[in-house]
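Below you'll find the structure, written out as structure tokens, and then a few comments.
Remember, predicted model here, so these are calculated numbers, not experimental data.
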Amino acid sequence: MKKTLLSLFLLFSILQVFAQEEKSKELSKEYHLRKSKNQKTTAFILLGTGSAVVVTSLLVLIKRNKNHESIDEYSWGPIFAAGVVTDLVSIPWFFTSAWHKKQAASIAIANQKNLWYQKNNVAFVTQPAIKITIRL
């Protein structure tokens, strides 16, 4: 009786695995590549905006110093600092973009074709499998 129940449990668990159709979004290659692209775009936007603010504030400060105008009226120091902070904030976005790109290259879910016996015939059955790439 125990062997029969164990056999039925294993049979039904295997049948459940073959019935899966939807891929997990968290492990798919497309998910990681899309996320990497979006994060890299965000990083470049932050870097470009921060650099433009830094250059603009430096040019204004240099122009005001050449003309001996008072700098205290228009304090460009906080604007310069905001540009530097924006540039620094873009760095983690580049790192996470590279991490997602590496994940997309190393782990993916693929449908693997296996030979399976069905009613005295041999047929190909697709089975979801995790594909891992190892780099040396």
Show the nearest heavy-atom pair for residues [X] and [Y], with the distance to one decimal.
X	Y	value
Ser57	Ile79	CB-CG2, 4.4 Å
Ser90	Leu46	CB-CB, 3.7 Å
Val84	Val54	N-CG2, 3.6 Å

Please report the interatomic distance [atom1]([X]) to [atom2]([Y]), rounded to the nearest 0.5 Å.
X	Y	atom1	atom2	answer
Asn38	Leu33	CG	CG	11.0 Å
Gln103	Tyr31	CD	OH	10.5 Å
Leu47	Thr42	CG	OG1	12.5 Å
His100	Lys35	NE2	NZ	5.0 Å

- Item | Contacts of type side chain to side chain contact (heavy atoms under 4.5 Å, CB included), residue Ser97, not counting sequence neighbours |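 Ser36, Gln39, Lys40.
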- Query: Got a sec, which residues hit ring-ring contact (aromatic ring centres under 6.0 Å, His included) with Phe44, two or more places apart in sequence or on another chain?
  - Reply: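 Once residues adjacent in sequence are excluded, the partners of Phe44 under the ring-ring contact (aromatic ring centres under 6.0 Å, His included) criterion are Phe94.
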- So which residues get pulled into Leu59's cluster when ILVMFWY side chains under 4.5 Å apart are joined, directly or through others?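 Traced through the cluster, Leu59 reaches Val55.
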- From CA spacing to verdict: side chain to side chain contact (heavy atoms under 4.5 Å, CB included), Val53, Thr86: CA-CA 9 Å; Val53 168; Thr86 306; over 6 Å; no
